[in-house]
Amino acid sequence: MLKRLNLPSNLLLPALIAGVVIAVIDLFIEISMAALLFSGPLTAYLAPGIGLLLFGGLVMNIVISLTSPTRGMIAFPQESTVVILALIASSIYLSTSVPEEAFATLVAVIILSTLLTGSAFLVLWRLKWSRLVRFVPYPVIGGFLAGTGLLILQGSFSVLTGLPLTMADLPALFQPDILALWLPALLFAVLLLVASRRFDHPLLIPLFLLAGIVLFFAWYAFGGISPAELTDRSLLLGSHTADVAWRPYLLDALRGADWSVILEQALQIGAIVIVSVLAMLFNTSGIESTLRDEIDLDGEMGAAGIANLLAGLGGSPAGFQALSYTALGRRMAPPTRLVGIIAALFFGLFLVLGTTILAYFPVVIIGGVLIYLGLSFLADWLYDAWFTLPRSDYALVLLILVVIGWVGFLEGVAAGIGIALLLFVYNYSRINIIKHAFTGATYRSSVDRPAPQREHLRRVGEQLLILQLQGYIFFGTAYQLLRVVRRRTSRSEAPPLRFLVLDFRMVNGLDASAASSFVRLQAHLEETGARLVCASTTPTVEEGLVRAGFDCEGVAAPCFVPSLDDGVEYCENHLLQDAGLAALEQEHRLEGRLERLLEAPSRVALLFEYLQRLELAEREYLLRQGDPAEDLYFVDAGMFAVILELDSGRSSRLGTIQPGTVVGEIGFYLGRPRTASVVAIRPSIVYRLSSSAFRRLEVDHPQIAAALHQW
């Protein structure tokens with residue numbers, strides 16, 4: 001058994017101590033949450049309510065301990081879901097006057113919300129979507145946690161005094177008899193909060209709870225007040241815990257619940273599911289950071305799904321992996337599944353053997369624990385966050401907290417997400433989507449052109465504007481691009497813009513509003529006499545542009561080209577054609593270049609005796625990447641593309657070869673396989689010089705061979 005649980009026998013005692021300590025600490029938390037949930041008209045049902053939460057702790061810890069990918073993971077019903085359930089319970093109180101029906105309705109809501117939460121966990125586990133938590137804005141998480149703390153704080157005062165913590169009831173809270181109910185709990189909570197933030201020891205909270213209980217009974221014993229009288233004054237849990245036990249309430253809830261009231265709470269039930277998913281992922285991400293170990297978030301999601309389905313059938317509120325308890329268990333014992341199982345068995349003992357001792361739990365301590373939980377959330381996100389968050393993010397946390405306090409929990413989280421999205425859109429729209437900007441004078445295609453063409457392209461290069469785009473393009477960033485182009489076309493001192501090439505290679509996508517901006521850009525360029533060419537576009541981007549009204553038929557320039565090099569080459573060809581220099585590309589320049597190299601027509605004639613003339617059709621391969629390099633070629637007419645073929649099956653164009661150029665000399669001289677493929681772009685003529693012919697040339701005409709070596 002110990003071997004299966006990955007725990008050596010000599011470490012059994014640390015695991016046992018860790019499991020018991022965690023169970024004792026959480027026992028107070030679960031009782032406090034039950035008191036928060038089953039208060040007011042449902043106080044009489046506090047005992048079975050405690051049983052529901054203890055059952056949840058039992059089932060969740062056993063399931064999570066055995067199925068979690070991470071050893072030592074601890075799970076309990078969570079306060080973030082109980083807080084929303086408490087809000088639903090308040091609505092049920094107002095809608096249902098019969099206590100038995102109200103209890104059945106609330107239990108039905110608990111079961112339904114937990115089953116839906118478990119199902120959501122399993123769906124997300126199946127879809128492998130746990131990583132989406134990385135995209136939730138951090139201030140929204142902080143506002144959600146701060147709002148949870150505020151609601152716990154409000155509920156704690158309701159548990160202690162029976163009065164809500166509102167502005168209207170604030171004067172009543174300071175009446176002497178009411179003040180005596182909550183002030184000691186507040187002092188206890190503040191002392192516990194200060195001590196826990198100052199000292200990091202696993203036994204701190206248990207010792208504080210024990211000291212609080214001892215001081216409570218000592219104070220009233222000194223005043224001559226017996227435990228029975230304390231129970232009569234509602235200062236102890238007393239008779240409400242006499243029947244703490246668990247039994248299946250599923251059928252009773254289905255028969256006795258008011259389902260019309262449950263339907264009215266559909267949004268709040270949905271909020272429980274959403275909050276549970278987010279809080280579970282936040283917790284596991286926090287555990288990952290605390291333990292400094294990579295955690296399988298999807299695997300943890302699946303384990304939590306199974307645990308909630310089983311616990312939900314027994315009436316437990318939703319729960320999941322607990323950051324604080326998992327970190328505490330890891331500090332007290334080695335990574336082992338036995339810690340969670342021991343904590344679960346401890347809860348099971350209370351359900352099986354009875355909980356008479358719970359009757360002597362002071363209500364002020366339970367309320368103090370609730371206040372401590374609420375204050376700890378608020379301290380983290382109102383005090384600590386002031387020193388760590390940017391002021392804009394901190395303001396968003398405050399805004400979410402205020403909306404939760406004044407309007408509602410779901411509305412606060414929704415407002416936070418909405419404002420965070422607006423801030424994201426504003427900030428992202430300020431990012432320049434133009435990564436690089438060039439003109440034809442500074443950026444050239446890979447085509448090897450003669451000197452007259454190169455000089456002309458340098459002179460007229462300002463007529464070609466090249467913009468490399470980046471990121472995801474939406475209406476804000478697309479409008480930036482439109483403004484940049486309009487400023488360029490309106491510059492009277494600059495040469496008129498003839499071509500605009502947009503490189504989409506680093507663009508992740510664009511939305512419909514951005515696509516319409518590109519249509520407006522195309523129309524503006526047509527009005528000014530310029531042409532737009534889009535390079536490296538994906539099929540999705542092309543489809544979006546065409547659907548938005550991009551004109552690919554009524555324009556002279558091609559809408560889309562495979563790469564930036566293709567787009568720049570197209571524009572250069574037209575600039576050369578307008579100047580009457582494009583004919584240079586069609587001339588057979590090989591013979592003239594050889595004459596200049598060999599310095600005599602007779603030597604050129606001798607060289608041609610060692611060459612083999614080849615004619616290639618369009619798209620025919622001259623060289624294939626990886627083939628042996630046994631010859632080299634002289635291009636006499638036509639044009640070739642140099643293609644690098646990648647392992648992924650895609651290819652990249654490295655350059656363009658024109659007449660008068662040598663091809664294949666690198667592999668030929670180094671004796672290595674071809675590093676790229678060479679394909680004819682148009683019908684072409686080349687002359688082949690084989691390695692054997694080259695050796696004969698070196699013997700027969702060493703001067704000609706030396707000149708070729710120099711070339």
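Hydrogens, waters and symmetry mates are skipped; everything else that's a heavy atom, side chains included, is used.
What you find for G305 and F121 is that their closest heavy atoms are CA-CB, 3.5 Å. Residues A676 and V642 come closest through the heavy atom pair CB-CG1, 3.9 Å. Closest approach of L575 and L464 over heavy atoms only: CD1-CB, 4.5 Å. Closest approach of V63 and A303 over heavy atoms only: CG1-O, 4.1 Å. Taking both residues in full, the closest heavy atoms of W125 and M301 are given as N-CG, 3.9 Å, listed atom of the first, atom of the second, then distance. Y633 and V686 get closest at one heavy-atom pair: CD2-CG2, 4.0 Å.
Listed by first and then second residue, the salt bridge (Lys or Arg N to Asp or Glu O under 4.0 Å) pairs involving residues 683-694 are D631-R688 (not counting sequence neighbours). Counting only residues at least two apart or in different chains, salt bridge (Lys or Arg N to Asp or Glu O under 4.0 Å) contacts with residues 656-671 are absent.
Within the 4.5 Å cutoff, no side-chain heavy atoms of T661 are placed close to those of F634. Contact check for H524 versus R520: no side-chain heavy atoms found under the 4.5 Å cut-off. Between V663 and V635, the closest side-chain pair of non-hydrogen atoms falls below 4.5 Å. Using a 4.5 Å heavy-atom threshold, the side chains of D636 and P659 count as separate. The shortest side-chain heavy-atom distance between L708 and L689 falls under the 4.5 Å cut-off. For the pair Q703/R603, a side-chain contact is recorded, criterion being any heavy-atom separation below 4.5 Å from C-beta on. Looking only at side-chain heavy atoms (C-beta outward), I295 and E300 come within less than 4.5 Å of each other. At least one side-chain heavy atom of V484 sits under 4.5 Å from a side-chain heavy atom of R487.
Judged purely by atom type and a 3.5 angstrom limit, E572 uses its side chain to pair as donor or acceptor with the backbone of S445. Here the side chain of D565 pairs a donor or acceptor atom with the backbone of S446 at under 3.5 angstrom. Judged by distance alone, the side chain of N573 and the main-chain N or O of E569 form a donor-acceptor pair under 3.5 Å. E620 places a side-chain N or O within 3.5 Å of a backbone atom of A617 that can act as its donor or acceptor partner. Remark: the backbone N or O of A680 is not paired with any side-chain donor or acceptor of S684 at under 3.5 angstrom. Between the side chain of S490 and the main chain of R486, a donor-acceptor pair closer than 3.5 Å is present. Distance alone, capped at 3.5 Å, places no donor-acceptor pair between the T537 side chain and the C534 backbone. Using a distance-only test at 3.5 Å, with no hydrogens or angles considered, no donor-acceptor pair links the side chain of S392 to the main chain of P390. With hydrogens and angles ignored, the 3.5 Å screen pairs no side-chain donor or acceptor of Q321 with any backbone N or O of A75.
For R459, the CZ atom counts as densely surrounded, since its 6.0 Å shell holds more than 12 non-hydrogen atoms of other residues, nucleotides or ligands. Around atom NZ of K435, no more than 12 heavy atoms belonging to other residues, nucleotides or ligands sit under 6.0 Å away. Under a cut-off of 6.0 angstrom, the local environment of OH in Y479 is sparse, with at most 12 non-hydrogen atoms contributed by other residues, nucleotides or ligands. Summarising the local packing, CZ of R483 is surrounded by 12 or fewer heavy atoms from other residues, nucleotides or ligands at distances under 6.0 Å.
Ion pairing between D578 and R498 holds under the 4.0 Å rule for side-chain N and carboxylate O. Taking a cutoff of 4.0 Å between a charged side-chain nitrogen and a carboxylate oxygen, R695 and E698 do not qualify as a salt bridge.
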Report task. Dump the intermediate steps for ring-ring contact (aromatic ring centres under 6.0 Å, His included) on F504 and F518, then the final yes or no. Result -> CA-CA 12 Å; F504 285 78; F518 280 99; 5.6 Å; yes
Requested in this report: Go through the steps for Q470 and V507 under the test side chain to side chain contact (heavy atoms under 4.5 Å, CB included), then give the verdict.
Outcome: CA-CA 5 Å; Q470 64 179 345; V507 171; 5.9 Å; no
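Of the residues listed (I434, V533, L564, L521), the one engaging L502 in a side-chain contact (heavy atoms from CB on, under 4.5 Å) is L521, and it is the only one.
In this structure, the ring of F608 has its center less than 6.0 angstrom from the ring center of Y687.
Interatomic distance, S690 OG to L632 CG, rounded to the nearest 0.5 Å: 9.0 Å.
Using a 30° and 60° split on the angle between ring planes, F499 and H574 fall in the tilted class, from 30° to 60°.
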